[in-house]
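Each remark here refers to the structure printed beneath this line.
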Amino acid sequence: MDLFSEYGSAILEAFLLTLRLAVFSGTFALLLGVVLAVFRVSPVPVLRWIGAAIVYTFRNTPLTLVMFFALFGLVYQLHIYGPPEEVTLSLSEQNFWMAVLALSVYTSTFVCEVLRSGINTVPLGQAEAARAVGLTFSQNLRLIVLPQALRSVLNPLASVIIAMIKNTTVAVTIGVVTATGVNEASGQMRTMMENEPNQIVLIFIIFSIGFMLMTLPVGFLAGWASKKFAVIR
Amino acid sequence: MTVLDTEPASAPSGDALVVLDHVDKHYGDLHVLQDINLEIKRGEVVVVIGPSGSGKSTLCRTINRLETIDSGTITLDGKELPAEGKGLAKLRAEVGMVFQSFNLFAHKTILQNVTLGPMKVRKLKKSEAEAEAKKLLDRVGVGAQAAKYPAQLSGGQQQRVAIARALAMRPQVMLFDEPTSALDPEMVKEVLDVMVSLAKEGMTMIVVTHEMGFARVAADRVVFMADGQIVESNTPNEFFDNPKSERAKDFLGKILKH
């Protein structure tokens, strides 16, 4: 077990970075996903088109491409942080936020489509009753339709978030590192495999357990919540 | 029939509250509402009957614009229905609607179902809305169920909650779209009793129903629809005892024989 004495703190640091990546990306993906879903069911055609265009584009583009584009396209060519000589953000912070941006936008399209299918499970009568009471379109969506839609899709939503947590590994392609230079989990795993080629099986086990510690609770939480908050009809 | 043991409703005396003027609507090739002209006075109870597919539910739903119309006008208290947006939402708050399938908000308790509209649309405080809601729920006989969810109630109870939910908006007129058609027979009376008492208190009501007993007891006027047209409009006694049109005679013959 000298693997742990040598790499223990680096592994922990790597997973904390991965977790930070997942928490920010997951939060933004859920928020943006709700916005996209609202766009896609809105009575305003322009909003529906914008929603559809974003979903079709990012749902059908590999995440690696989106991630590359965020760093090399947005930062290096389009200078979204401003001219390179004026950027005060550290390289690690800059790459981290680009990874969050790519993961959030990419994942939000899946969140949107899951929510939209959830909206379709809400009986039309619910929205009609809400309209008949005098609720506006946005009140109707916020108070009646979305809460019911959300409850019916907690499990598929958890699958999207689990996939996103595992997708944080794609961030290795643009080099997401901590201030002290430790990679996120998959980068750290690669480093260890290169340094300890005869311990590969153990390294695999360590990292898959690390990911399962993050993903399994998401699934269990969703299963519990979907039972607790189930809408009985 | 269920509620024949009560007095006939008193005659309405008010001005015209809901006016449909040359209203037309198509579903593709189907001309579902054909040149409908109908005036409902304040305090009047109008029962709309007719065979299925005659357009009676559609007529009911156009009055709060859950269905749009192709031409003609519908006015409420002299004001034409706004096409959409906040104005329309405001109008809908003035028109109570009770659906065939109850449509209680499934994720909200009975009390929340009744307080939601008053709080979000009428902007009442929670405490005010709840006090009012409890009174209404007691009045329709489901006060004890306030903390439950809709699925835990019987159909008859749910429909009475739906009536309370609509009343909580203090509407000028109540629309009932076949309110007892989805109920088990033993629950029809409890809902009709509530409706009869509403009618007696002078609520303006438009009721699409197959309950002829209710029509006789509570209605000021029966409107008979067939194939998208208003074929006959008369007092309940006159309509049921002396139907004028062949279409109405045929319809009544089929439903009253048993």
Side-chain angles (χ1 to χ4, degrees), chain A residues 30 34 37-48 114-157 222-233, chain B residues 57 60-61 63-67 83-109 112-123 148-153 158 161-162 164-171 173-177 182:
Chain A
L30 287 173
V34 171
V38 170
F39 274 25
R40 294 210 68 181
V41 300
S42 119
V44 183
V46 179
L47 292 184
R48 283 205 301 276
V114 165
L115 277 178
R116 210 158 62 96
S117 73
I119 288 171
N120 291 335
T121 68
V122 180
L124 185 61
Q126 295 285 310
E128 279 192 343
R131 280 194 275 161
V133 167
L135 297 189
T136 61
F137 176 80
S138 71
Q139 285 178 320
N140 195 343
L141 214 50
R142 213 173 60 234
L143 301 168
I144 305 300
V145 177
L146 276 179
Q148 293 189 44
L150 198 60
R151 285 159 205 236
S152 70
V153 294
L154 284 173
N155 280 316
L157 213 49
W224 169 81
S226 68
K227 274 203 196 78
K228 173 144 173 72
F229 301 111
V231 177
I232 308 152
R233 300 201 188 276
Chain B
S57 272
C60 186
R61 290 162 58 86
I63 295 172
N64 67 353
R65 218 180 153 84
L66 284 180
E67 301 280 351
E84 52 192 67
K86 288 224 155 65
L88 178 59
K90 212 170 161 193
L91 168 120
R92 282 177 173 144
E94 305 266 307
V95 181
M97 176 107 189
V98 175
F99 299 86
Q100 181 175 351
S101 47
F102 330 135
N103 295 347
L104 293 182
F105 305 131
H107 64 308
K108 301 239 175 238
T109 65
Q112 288 168 340
N113 262 276
V114 183
T115 55
L116 183 81
M119 283 165 63
K120 299 295 174 184
V121 181
R122 287 176 54 205
K123 309 288 183 196
K148 291 187 182 168
Y149 284 88
Q152 296 172 287
L153 268 58
Q158 287 192 53
V161 174
R165 176 176 69 180
L167 289 175
M169 297 306 295
R170 303 210 175 142
V173 52
M174 289 276 287
L175 308 175
F176 293 83
D177 186 7

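Since this is a predicted model, take the numbers as computed values, not measurements. Side chains included, hydrogens not; waters and symmetry mates left out as well; all remaining heavy atoms used. Proteins get letters first, then strands, A, B, ... in listed order; numbering begins at 1 in each.
For A:S226 (side chain) and A:A222 (main-chain N/O), a donor-acceptor pair under 3.5 Å exists by modelled atom type. A donor-acceptor distance shorter than 3.5 angstrom exists from the side chain of B:R92 to the backbone of B:R65, with no hydrogens or angles considered. Judged by distance alone, the side chain of B:D177 and the main-chain N or O of B:M97 form no donor-acceptor pair under 3.5 Å.
At a 4.5 Å heavy-atom cutoff, the contact between B:F99 and chain A is made by side-chain atoms alone. Contact annotation for A:L143: both backbone and side-chain heavy atoms come within less than 4.5 Å of a heavy atom of chain B. When heavy atoms are compared at a cutoff of 4.5 Å, B:L104 approaches chain A solely by way of its backbone atoms N, CA, C and O. Within the 4.5 angstrom heavy-atom criterion, no atom of A:A230 approaches chain B. In this structure, chain B has a heavy atom under 4.5 Å from the side chain of A:Q139, while its backbone stays farther away. When heavy atoms are compared at a cutoff of 4.5 Å, B:R122 does not approach chain A at all.
In terms of non-hydrogen atom pairs under 4.5 Å with chain B, the most contact-rich of A:I144, A:V122, A:T136, A:L124 is A:I144. For the options B:S101, B:A168, B:A166, B:A93, heavy-atom pairs under 4.5 Å to chain A are most numerous at B:A93.
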B:Q112/B:H107 under side chain to side chain contact (heavy atoms under 4.5 Å, CB included): CA gap, chis, key distance, verdict: CA-CA 9 Å; B:Q112 288 168 340; B:H107 64 308; over 6 Å; no
Using the rule given for side chain to side chain contact (heavy atoms under 4.5 Å, CB included), can you reason through B:L116 versus B:F105, listing the C-alpha separation, both sets of side-chain angles and the distance that settles it, and then say yes or no? CA-CA 10 Å; B:L116 183 81; B:F105 305 131; 3.5 Å; yes
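In this structure, CD on B:Q158 lies 10.0 Å from CZ on B:R165, to the nearest 0.5 angstrom.
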